[in-house]
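Report on the structure given below.
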Amino acid sequence: MDYVEFRTVMEEVRVRAPNLRTVADLLRGSPLEWQKEYVLYLFGREEGGRILSISLSNRLGRDTLIWKEARDGKFSVKGAYWFEQQGRFNSNNEIWRLIRDGKMHPRQSIFLWRLCVGALPTKDKYAGESNQECVLCGFCCESADHLFMQCPLSRALWLGAPLPVKSNEVSGENLTMKVLTLVKGLSKDLRLQAMVSFAAVCDTVWNQRNAIIHGGKCGDIPSLLKEVWRKFVEFGGDKAGEVSDSRSHVVTRPLVPYQFNKMVMVDGAYKESWCGMACTMIDKFDWTWDYGYFSKEGSSSLEAEMSAIGLAVEVIVQKEWVGAVILSDCQVAVTAFDKRKCPDWKLTDKFLHILDQMSKCRDCKLVFVKRDFLTFVNSLAVQARNERLCKTFCIGEGLPPVNPSFLV
């Protein structure tokens, strides 16, 4: 029976029995049974016979009202409120669970909650139509999405953040959905790091915006990046690991600790019994940089990589640097020096000599990175090997030839 036929039948029944309201009006007695004559009178022999063929259960109690939106079936004002507001909350339950994560600092949780519910007083909410320009760029209307994701200053901080992101390419209808996009597909630990990084960037942007409006202390991009990393470490996001993600808006890079103000990138190249080694040294206090390279006979790629690390250690000792990080793309060498165990007995003398030099460095750390981040120094090593170059050091000009996200 389709809807039209059903409605025709019920209209005829309504004429014959205006007071009929429920199925219970068609039942009688205990145990329950159909009022056969009444049913046949109302619905006719064909439809009435079908209704009478439906068996009745006498095991059920009296009819009760059930609130389907509650697990216990009981109505409450709280349950009605959540049902009414499900458009605001239900589709984003995941974000509230992430914000309330016990491992997140309460200060960051509260700030992210205010951000996601739209409680921050951005200019698009309270300023007049003539005064809605973003104070950071001066071009667009200051909405939460523009201020924290689209503004040039925010985009620069996102690229240099612990979780580097092309914030203007993150998809989502609003900030809440964009946060979910950022953490989607990440492991539990990396999800926490992403949330802490997100809060650190947005908090730094918000403080910079308020400093400009209310006359506080403003900072440039390098100082703001250091502030982002300081908050990231302070609030527990500095766990060892690497963010690896195939999404287009996420820029993959290792978490290089912000407290290292000296950076040395090294690489070695080996081919046909000849090694080329190179390093690039960057001082992040004044953004000066220089580089060095040399070549010699060798027996393996591992020897070339270890010699490059030895060159970096030699430079750090000569410059008397305190707090330097050496970046190498040789996982075997990095692990060997971390465990203080030589990976090849043929290189024992070289390995022990480098360890001895490392002991003279103050607060020096060796970190593994992917080759993608050592393009310049790799080309130097290959050139030194191919041209059989002797040891040379040069002063760099302009900005350091590295991924900008390393300049934190």
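In this structure, the side chains of Asp283 and Trp289 stay at 4.5 Å or more apart for every pair of heavy atoms. Taking the side chain as every heavy atom from C-beta outward, Val196 and His105 never approach each other to under 4.5 Å. Side-chain atoms of Lys319 and Asp290, non-hydrogen and from C-beta on, do get closer than 4.5 Å to each other. The side-chain heavy atoms of Val205 and Leu136, taken from C-beta on, include a pair separated by under 4.5 Å. Taking the side chain as every heavy atom from C-beta outward, Leu20 and Leu26 approach each other to under 4.5 Å. In this structure the side chain of Leu366 never reaches within 4.5 angstrom of the side chain of Asp338, judged on heavy atoms. Between Trp67 and Lys74, the closest side-chain pair of non-hydrogen atoms is not below 4.5 Å. For the pair Cys364 and Ile326, the minimum side-chain heavy-atom distance is below 4.5 Å.
Distance check, rounded to the nearest 0.5 Å: CD of Glu297 to OG of Ser299 gives 10.5 Å. Taking CD from Gln208 and OG from Ser154, the interatomic distance works out to 10.0 Å, rounded to the nearest 0.5 Å. With rounding to the nearest 0.5 Å, the separation of CD1 in Ile282 from CG in Leu327 is 8.5 Å.
Taking a 6.0 Å sphere around CD of Glu11, one finds it holds more than 12 heavy atoms contributed by other residues, nucleotides or ligands. Within 6.0 Å of the CZ atom in Phe6, the count of heavy atoms belonging to other residues, nucleotides or ligands does not exceed 12. Around the CD1 atom of Ile395, the shell of radius 6.0 Å holds no more than 12 heavy atoms that belong to other residues, nucleotides or ligands. Heavy-atom contacts from other residues, nucleotides or ligands closer than 6.0 Å to CH2 of Trp113 number 12 or fewer. Under a cut-off of 6.0 angstrom, the local environment of CZ in Arg16 is crowded, with over 12 non-hydrogen atoms contributed by other residues, nucleotides or ligands. Few gaps surround CD on Gln318; more than 12 heavy atoms of other groups in view lie less than 6.0 Å from it. Within a 6.0 Å sphere centred on CZ of Arg388, heavy atoms belonging to other residues, nucleotides or ligands number more than 12.
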Donor-acceptor pairs under 3.5 angstrom involving side-chain atoms of residues 379-387: please list them, not counting sequence neighbours.
| unit_1 | atom_1 | unit_2 | atom_2 | d |
| --- | --- | --- | --- | --- |
| Ser379 | OG | Phe376 | O | 2.5 |
| Asn386 | ND2 | Val382 | O | 3.3 |

Acceptor/donor pairs from residues 346-354 side chains to any protein atom, 3.5 angstrom cut, sequence neighbours excluded:
| unit_1 | atom_1 | unit_2 | atom_2 | d |
| --- | --- | --- | --- | --- |
| Thr348 | OG1 | Trp345 | O | 2.7 |
| Lys350 | NZ | Ser307 | OG | 3.4 |

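Between Tyr293 and Tyr291, the ring planes lie parallel to each other; the angle is under 30°, not in the 30° to 60° tilted range.
The main-chain N or O of Lys123 is found under 3.5 Å from a side-chain atom of Glu142 such that the two form a donor-acceptor pair. Judged by distance alone, the side chain of Ser300 and the main-chain N or O of Gly298 form no donor-acceptor pair under 3.5 Å. Side chain of Trp34 to backbone of Ser53: no donor-acceptor contact under 3.5 angstrom is found. A donor-acceptor pair under 3.5 Å is formed between the side chain of Arg21 and the backbone N or O of Pro18. Side-chain N or O atoms of Thr181 include one that pairs as donor or acceptor with a backbone N or O of Ser171 at under 3.5 Å. Side-chain atoms of Glu133 do not come within 3.5 Å of backbone N or O of Cys140 as any donor-acceptor pair.
Checking Asp220 against Ser223 by side-chain atom types alone, a donor-acceptor pair falls below 3.5 Å. Side chains of Ser197 and Gln193: no donor on one and acceptor on the other come within 3.5 Å. Side-chain contact annotation: Asp145 with Ser143, donor-acceptor N/O pair under 3.5 Å absent.
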Q | Verdict with supporting geometry, Arg107 and Asp203, salt bridge (charged side-chain N to carboxylate O under 4.0 Å, His left out) | A | CA-CA 10 Å; Arg107 174 181 168 184; Asp203 188 42; 3.3 Å; yes

Step by step, would you call Val165 with Leu182 a side chain to side chain contact (heavy atoms under 4.5 Å, CB included)?
CA-CA 9 Å; Val165 171; Leu182 285 175; 3.7 Å; yes

*Given the rule in the salt bridge (charged side-chain N to carboxylate O under 4.0 Å, His left out) test, do Lys231 and Glu234 qualify, once you have shown the distances and angles that lead to the verdict?*
CA-CA 5 Å; Lys231 292 177 180 178; Glu234 178 182 348; over 6 Å; no

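If you run ring-ring contact (aromatic ring centres under 6.0 Å, His included) between Phe198 and each of Trp158, Phe235, Phe148, only Trp158 comes through.
Salt bridge annotation for Glu314-Lys391: present, with a cationic side-chain nitrogen under 4.0 angstrom from a carboxylate oxygen.
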